[in-house]
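Taking it in order: structure first as structure tokens, then the write-up.
We name chains A, B, ... by the order of the sequence lines, and we start the count at 1 in each one.
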Amino acid sequence: MTDTEAGKGWLGRKLKRKEDYRLTTGKGNFIGDIQLPGMLHLVFVRSLHAHAKIVNIDTSAAEELKGVVAVIAGKQLAEEILLMPQPIVVPNIPANHPTFGPLAIGKVKFHGEPVAAIVARDKYVAEDAAELVMVDYEMLPYVGDMEAALAPDATRVHEQFDDNIQYESSLTGGEEIADQEANDVRVAKIFEEADLVVKRRYRCHRCGVTPMEPRGVVADWDHAEGLSAWITTQRPHIDRLALSDILSIPAEQVRVMAPRDQGGAFGTKAPFYREPILICHMARKLGRPVRWIESREEHLMSISQERDQIHDLEIAARSDGRILALRDRIIADGGDGCEGVYWGYLMPFLGAVLLPSGYDIPNCDIKLKVAFTNKAVLSPARSFGSYPARFAMERAMHTVARELGLEPTAVQRMNLVTEFPYTTATGFNYDSGNFIKVLDNLVEKIDLTGFRREQEEARKQGRYLGIGFGLGAEASGMASEVLVQMENQPGYGAAMVRVDPRGKVQVCDGDCSQGQGHETTVAQVVAHEMGISPDDVKHSQGDTDNTPFGCGTIGARAGSYKLSAVAQACRHIKEKMSRIAAHDFSVSAKPEDFDFIDGEIIYRKDTNIRTTFAELAYRIVMTPLDLPEGEEAGLEHTAYFEAAMPMICFAAHAAIVEVDATTGQFEIKRYMTSEDMGRVINPQIVDGQITGGVVQGISNCIFEEFVYDDTGQQLTSTLENYKLATAADVPHVEVTHAPTPCPYTPLGSRGIGEGVPGPVPGALSNAVTDALEPLGVEITELPLRPNVIWKLIQQNRQAAE
Amino acid sequence: MYKDVTITINGEEYQEHIPVRLLLVDFIRDVAGLTGTHVGCTYEGVCGACTIQIDSEAVKSCLMLAVQADGHEVATVEGLAQDGKLHPLQEEFNEHHALQCGYCTPGILMNAEEFLKENPDPSEDEIREALIGNLCRCTGYVNIVTAIKSAAEKMA
Ligand code: FES
Ligand code: FES
């Protein structure tokens with residue numbers, strides 16, 4: 001479809017966001033802004049130890065404090081509600097899903113696990129009371145090293161299982177063990193015969209994408225209506241079903257609402273967490289509204305920890321740079337694994353699936369093991385599971401190139417997938433795209449040739465400049481075909497579109513945004529389809545009482561799935577309006593004979609035959625007389641969009657750095673991306689997703705790290721020591737485009753955003769490695785910090801001497 | 001322990017009887033009901049989401065007790081638009097897509113408003129330096145810097 005066919009230029013336009021007025025004037029409506037009369041405050045008492053038996057919990061002093069309404073601990077709670085896992089939030093993947101409740105029962109498994117909770121009239125009092133809860137612990141050995149944890153005789157994190165292996169599988173070679181073994185033998189043979197084999201251990205540290213707004217829940221109970229809960233969430237509909245199951249409340253009596261505004265999520269608000277279960281239960285038990293607002297410390301202790309993976313990765317290559325085979329043994333530290341939907345292992349699982357990341361490597365042998373440890377569960381962060389995988393893969397590609405004396409981009413380019421659709425050796429589908437165009441665009445815009453000259457000059461002066469590239473394919477949402485297995489839920493996009501009697505359009509959407517600007521992009525799509533102004537579109541989201549089932553705002557789904565459903569629903573309604581217009585004007589016209597432009601509906605063959613969108617809407621909704629035979633009144637349609645082919649978007653990043661070889665400090669002099677986001681709905685919003693994702697990737701790569709000491713004490717639970725990049729720490733990110741419209745969506749759009757941080761660690765660490773090539777330094781571990789770089793320089797100098 | 005205070009917020013006087021340990025940010029949000037001022041790091045003074053102005057100087061309201069603001073003039077994001085007209089910073093933040101979730105935005109606006117008074121013609125580096133007390137997780141700062149620069153030009 002072209003712009004002239006429908007609503008005149010609303011697509012691809014920098015429409016200013018509809019959300020911004022309220023958010024810049026202090027009128028946002030976040031979870032912390034919700035006040036209900038008589039609302040009580042809940043505060044958790046969290047474990048001081050990583051692994052310990054709970055001998056006794058004395059809550060008497062806390063209970064006596066004036067203003068305290070209730071105190072509860074794990075054992076008592078386990079008598080009042082069911083425990084996890086509940087099937088609705090368990091993937092259809094063979095793995096160990098531990099039993100747990102919102103409050104620890106019997107023992108604690110990580111520093112920061114909730115053991116008790118206080119409900120009080122005032123939040124200051126609740127915190128005072130939390131201090132008065134006395135917990136006696138008996139220490140158990142701390143299981144903190146993922147490799148040691150996998151040993152058969154290791155102390156067990158969960159007594160219910162025989163060992164600490166939560167998940168173990170081959171991602172290649174098919175379902176049957178015999179087939180996998182045959183595949184491994186075949187791959188091994190290629191390795192034996194290859195011109196070059198590169199083998200390295202790549203280590204990615206524990207870090208994630210903590211949003212600026214922590215989590216929160218406000219729950220209210222009504223005897224007749226049941227539970228109403230506002231939750232910071234990316235998937236209210238799943239929360240509703242899960243709460244219904246675990247609290248044994250009939251689903252029709254559970255209403256979950258995402259607050260209209262949420263302060264970022266990036267994956268952290270996607271799981272079904274333990275805390276909302278307790279808040280909702282206490283609201284029901286006490287018959288009063290209860291609120292919990294997570295503190296930053298709680299947040300950093302218990303969620304947003306991701307990426308903790310080790311890759312023993314090998315590449316077999318031909319002397320011209322063609323990759324012949326890929327082998328990887330991946331281990332991930334899944335923490336205690338207690339988290340609905342993701343259970344710690346789902347991120348590394350997907351990371352392993354996405355490992356080939358845009359390259360055509362039919363021969364792969366990839367195996368993954370996920371260990372239980374006494375750390376907080378791995379939980380989703382943007383570039384879900386694949387940030388470490390991309391780091392390992394892109395570092396290895398660079399190394400292959402340099403061992404062969406080739407330019408890394410030449411090797412990357414030679415191995416990119418060029419024919420679509422394509423299925424990776426791990427079974428992941430690429431629908432379409434032009435990967436080479438994306439890379440070539442970047443190589444040209446960053447001026448690789450010019451840079452190499454500059455680098456040579458600089459080297460003569462003893463300056464270390466380097467360039468690095470990181471590429472990869474990101475999933476633009478996932479179809480039911482993938483998500484039913486992976487997350488036990490569908491993947492379609494859904495939207496209910498309703499035209500009101502005044503010709504205004506309401507879109508009801510079961511997902512919810514956390515800053516992605518869906519109110520604006522949804523309005524643009526409706527405006528485009530219906531030929532009306534985006535100002536006449538209202539987007540309501542996140543309320544399970546009045547929206548179609550939404551799969552969640554996860555994995556860059558909006559651009560591909562949600563907006564496609566919106567477009568489909570609009571087209572359905574337009575057809576009906578066209579049929580009735582044809583009837584009213586007594587012309588025998590097909591629906592496509594009417595143009596919807598500038599608030600009017602015009603008969604193409606005779607443009608004098610026209611009516612306004614609002615008039616026709618009024619006529620159909622309010623005066624449903626003399627309708628064509630078989631036509632119903634009303635203008636409303638709910639559409640479900642399921643992709644014919646799972647969609648992806650491809651990106652390439654480049655970083656230019658200068659390293660000070662005397663200190664190991666480095667400066668990012670330039671950072672540029674090249675993206676295929678298909679047909680763009682709103683370029684400003686897309687670019688914003690990219691600059692934001694890149695800086696998250698940089699911040700993860702250089703600054704952020706969750707650190708546990710050797711007793712399992714988490715040392716980084718404040719933003720003082722879990723450092724996020726500030727404006728002064730990061731470069732101006734340059735975004736360039738090399739789009740290929742997606743043939744499988746009605747608008748040609750592709751969802752983008754989720755995977756943006758993915759190529760960053762490859763680009764940055766390749767750049768540093770490139771800069772220090774004369775000194776023989778090779779980066780294999782993250783975070784990428786000056787002290788590590790300095791040490792590597794020293795080691796290589798010593799070795800050289 | 002309680003104390004009587006008189007705190008003026010955006011020109012409106014609040015006379016309240018409050019616990020002495022009440023944080024200023026909680027006074028603004030819970031007592032005055034002005035929820036545009038946010039809490040991002042839970043009173044560590046790191047994130048800047050709670051930035052307001054006291055007597056025209058930008059401060060983090062989680063690092064102060066409400067009683068310390070007794071007798072002072074507080075300005076919050078709700079007071080930035082005057083007579084229904086948006087401040088140039090608010091307009092340029094919209095124009096240049098300088099916010100996504102908007103959680104950090106009020107604090108950044110209150111900081112930037114003071115900054116531009118002191119430095120009406122800042123360079124990109126100066127703007128980045130001025131923002132180190134405000135974390136934004138969504139935008140990567142690029143558009144925030146552009147918006148502040150552009151607001152400075154509009155205000156010149
Ligand atoms: S809440 Fe005040 S600086 Fe973060
Ligand atoms: S816009 Fe979300 S934290 Fe800044």
Side-chain angles (χ1 to χ4, degrees), chain A residues 14 16-17 19-30 32-33 35 123-124 209-214 261-266 293-299 513-517 684-685 687-696 698 718-720 724-730 732-733 735, chain B residues 19 21-22 26 29-30 33-47 49 76-81 86-87 89-91 93-106 109 124-125 127-146:
Chain A
K14 278 193 185 187
K16 287 196 268 178
R17 293 205 322 169
E19 293 87 343
D20 291 359
Y21 184 87
R22 65 172 187 267
L23 293 171
T24 53
T25 53
K27 297 281 185 265
N29 188 9
F30 295 89
D33 307 340
Q35 292 279 352
K123 69 177 179 184
Y124 287 68
V209 188
T210 178
M212 287 324 298
E213 178 203 43
D261 297 304
Q262 294 192 65
F266 317 114
I293 300 294
E294 182 181 51
S295 72
R296 178 57 60 183
E297 189 183 16
E298 289 182 286
H299 182 100
S513 38
Q514 302 87 22
Q516 298 91 337
Q684 209 170 30
I685 288 179
D687 288 1
Q689 285 291 313
I690 293 160
T691 55
V694 165
V695 167
Q696 288 170 357
I698 294 175
T718 72
L719 290 177
E720 199 79 68
L724 307 186
T726 69
D729 294 323
V730 290
H732 177 92
V733 177
V735 180
Chain B
R21 66 175 177 173
L22 186 72
D26 286 342
R29 289 181 51 84
D30 299 340
L34 295 167
T35 54
T37 301
H38 296 149
V39 176
C41 62
T42 323
Y43 324 134
E44 293 167 9
V46 186
C47 75
T76 70
V77 70
E78 286 89 344
L80 204 51
L86 292 180
H87 188 278
L89 276 165
Q90 292 168 312
E91 277 174 349
F93 267 55
N94 180 217
E95 178 70 36
H96 296 283
H97 187 34
L99 60 147
Q100 290 181 24
C101 75
Y103 202 71
C104 66
T105 312
L109 291 172
E124 163 158 359
D125 282 349
I127 296 172
R128 286 185 177 268
E129 208 48 53
L131 285 171
I132 55 171
N134 294 93
L135 296 174
C136 172
R137 196 47 155 168
C138 301
T139 63
Y141 304 108
V142 175
N143 293 344
I144 296 177
V145 174
T146 312

Taking every heavy-atom pair that is under 4.5 Å apart, which of [options] has the most such pairs with chain B?
| options | result |
| --- | --- |
| A:G515, A:G517, A:A265, A:G688 | A:G515 |
| A:D687, A:L23, A:V695 | A:L23 |
| A:P211, A:G693, A:G28, A:A725 | A:A725 |

Please classify the contact between [X] and chain B as side chain, backbone, both or neither, with a heavy-atom cut-off of under 4.5 Å.
| X | answer |
| --- | --- |
| A:K14 | neither |
| A:P214 | side chain |
| A:I685 | both |
| A:K16 | both |
| A:F30 | side chain |
| A:Q35 | side chain |
| A:V694 | neither |

To check you understand the geometry: which heavy-atom pair defines the closest contact between [X] and [Y], and what is its length?
| X | Y | result |
| --- | --- | --- |
| B:L131 | A:A727 | CB-CB, 3.8 Å |
| B:I132 | A:A728 | CG2-CB, 3.5 Å |
| B:C138 | B:Q100 | O-NE2, 3.3 Å |

Is a side-chain donor or acceptor of [X] paired with a backbone partner of [Y] at a separation under 3.5 angstrom?
| X | Y | answer |
| --- | --- | --- |
| B:R137 | A:T210 | yes |
| A:D261 | A:N29 | yes |
| A:E213 | A:G263 | yes |
| B:H96 | B:A98 | no |

Heavy-atom pairs under 4.5 Å with chain A - which of [options] has more of them than the others?
| options | result |
| --- | --- |
| B:G140, B:P106, B:C101, B:G36 | B:C101 |
| B:E78, B:E44, B:R29 | B:E44 |
| B:T139, B:T35, B:N94 | B:N94 |

Quiz item: Taking atom CD of A:E720 as the centre, does the number of heavy atoms from other residues, nucleotides or ligands within less than 6.0 Å exceed 12?
Solution: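 No.
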Practice problem: Look at B:D125 together with B:R128 and state whether they make a salt bridge at an N to O cut-off of under 4.0 Å. | Solution: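 Not counted as a salt bridge, because no side-chain N and carboxylate O are separated by less than 4.0 Å.
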Heavy-atom distance under 4.5 Å to chain A: side chain of [X], backbone, both or neither?
| X | result |
| --- | --- |
| B:E124 | side chain |
| B:L86 | side chain |
| B:D26 | side chain |
| B:H38 | side chain |
| B:Y141 | side chain |
| B:T105 | side chain |
| B:L109 | side chain |
| B:V46 | side chain |

Quiz prompt | B:T146 and B:N143: side chain donor to acceptor below 3.5 Å | solution =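 Distance-only check fails for B:T146 and B:N143.
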Self-check item: Residues that A:T24 engages under side chain to side chain donor-acceptor pair (under 3.5 Å), provided they are two or more places apart
Solution: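 Scan of A:T24 (side chain to side chain donor-acceptor pair (under 3.5 Å), adjacent residues dropped) gives none.
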Exercise. List the steps, then state whether side chain to side chain contact (heavy atoms under 4.5 Å, CB included) holds for A:Q262 with A:S513.
Key: CA-CA 7 Å; A:Q262 294 192 65; A:S513 38; over 6 Å; no
Quiz item: How about A:E297 and B:T42: do any of their side-chain heavy atoms sit closer than 4.5 Å?
Solution: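 Contact flag for A:E297/B:T42 side chains = no.
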